[in-house]
Number of protein chains: 2
Amino acid sequence: MIAEALELDGAVPDQDACRHVLRVLGRIGDKWTVLVIARLGDGPLRYGELQRAVTGISQRMLTLTVRALERDGLVSRTVHPSIPPRVEYALTDLGRTLLDPVLALATWAIEHRGDVEESRRRYDGAHA
Amino acid sequence: MIAEALELDGAVPDQDACRHVLRVLGRIGDKWTVLVIARLGDGPLRYGELQRAVTGISQRMLTLTVRALERDGLVSRTVHPSIPPRVEYALTDLGRTLLDPVLALATWAIEHRGDVEESRRRYDGAHA
DNA sequence: CGGTATCCCCTCAGATACTG
DNA sequence: CAGTATCTGAGGGGATACCG
């Protein structure tokens with residue numbers, strides 16, 4: 001079922017579309033992207049605010065993450081030419097459309113957390 | 001909005017639940033997991049069938065992936081003690097509940113693929 | 001304030017060879 | 001057939017220092 005969605009056709013799998021989906025999944029699954037998107041989901045933030053909001057992220061990774069999101073059109077970067085400089089990041093309309101599916105996955109993770117952890121305990125116990 | 005879902009409460013962010021969600025997202029986002037789940041979504045497969053179905057996966061990565069999925073209770077592993085050995089992998093009920101949210105994300109990726117690629121072209125052009 | 005540049009570590013994933 | 005063991009290279013990510 002997912003295989004069909006990923007490949008879009010029957011005979012020859014659409015490797016290209018499939019890899020595109022995987023790249024998006026990889027982006028979503030990386031260490032910081034979802035946290036940044038989640039924070040920006042509550043409204044625009046300046047660079048420093050964003051760094052404080054996403055606990056533990058380094059300047060380097062924050063910059064890399066927002067740059068990648070900006071390149072993909074999910075986040076906008078607005079420079080206010082003042083002293084000191086003021087740079088605001090916000091979700092674009094496209095970025096906001098990502099909120100729902102990501103939230104669905106987060107909800108799944110929370111709802112089934114107990115099941116997963118119980119399964120892990122059983123597995124680790126059995127394979128001791 | 002997602003921040004609230006990830007953290008579940010207001011005053012003190014639930015770092016624990018948040019990290020759990022991130023671990024699930026990381027698992028989903030890794031290179032092979034979704035492909036394996038997608039293939040098993042069509043029905044049980046043997047080890048070798050699975051490897052042929054997931055183009056390019058090495059024995060090592062297939063084993064690591066299915067072991068992790070088994071540990072989390074998303075995939076079942078059934079050994080038929082025959083000669084030659086026959087091991088079947090299948091989605092569990094829990095694993096099947098993951099299909100919908102993952103499909104939602106895959107659908108988003110496909111629907112908005114054009115937007116993302118256009119944005120990338122503009123970004124790369126502007127920052128040349 | 002909002003970044004870049006550099007170094008370095010350490011995990012992840014591929015290739016290869018071997019086993020019950 | 002269904003794995004395990006070992007080696008190796010690439011790159012993700014932290015720490016630090018510096019710049020407009």
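Just so we're on the same page: letters track the sequence lines, and every chain starts at 1.
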side-chain hydrogen bond (donor to acceptor under 3.5 Å, both in side chains) against A:E118, all qualifying residues, sequence neighbours excluded: A:R122

Among residues 64-72 of chain B, which residues get a heavy atom nearer than 4.0 Å to DNA chain C? none

How long is the line joining NZ of B:K31 and C1' of C:dT11, in whole Å? 15 Å

Can you tell me how far the CG atom of A:L35 sits from the OG1 atom of A:T65, to the nearest 0.5 Å? 9.5 Å

Rounded to whole Å, CZ of A:R46 lies from P of C:dG3 at a distance of 10 Å

Could you list all the salt bridge (Lys or Arg N to Asp or Glu O under 4.0 Å) pairs where at least one residue sits in residues 21-33 of chain B, not counting sequence neighbours? B:R27-B:D72

For DNA chain D, note the earliest and the latest nucleotide, 5' to 3', having some atom under 4.0 Å of a heavy atom belonging to chain A. D:dG13 to D:dG20

Please identify each residue that fulfils ring-ring contact (aromatic ring centres under 6.0 Å, His included) with A:W32, with sequence neighbours left out. none

Side chain to side chain contact (heavy atoms under 4.5 Å, CB included) involving B:E70 - partner list, sequence neighbours excluded: A:Y123, B:R67, B:R77

Based on the rotation axes of five pairs at each end, what angle does the helix from C:dC1-D:dG20 to C:dG20-D:dC1 bend through, to 10°? 50°

Salt bridge (Lys or Arg N to Asp or Glu O under 4.0 Å) contacts touching residues 49-59 of chain B (sequence neighbours left out): none

Between P on C:dG3 and CD on A:E88, what's the gap in Å once rounded to a whole number? 12 Å

Suppose we screen for side chain to side chain contact (heavy atoms under 4.5 Å, CB included). Which residues come up paired with A:L94, at least two apart in sequence or across chains? A:L74, A:T92, A:T97, B:W108, B:H112, B:D115, B:V116

The side-chain hydrogen bond (donor to acceptor under 3.5 Å, both in side chains) partners of B:Q59 (sequence neighbours excluded) come to none

How does protein reach along nucleotides 15-20 of chain C, written 5' to 3' as B (base within reach of a heavy atom under 4.0 Å), S (only sugar-phosphate), or - (no contact)? B-B--B

Applying salt bridge (Lys or Arg N to Asp or Glu O under 4.0 Å), which residue pairs with at least one partner in residues 83-98 of chain B are found, sequence neighbours left out? B:R86-B:E88, B:D93-B:R96

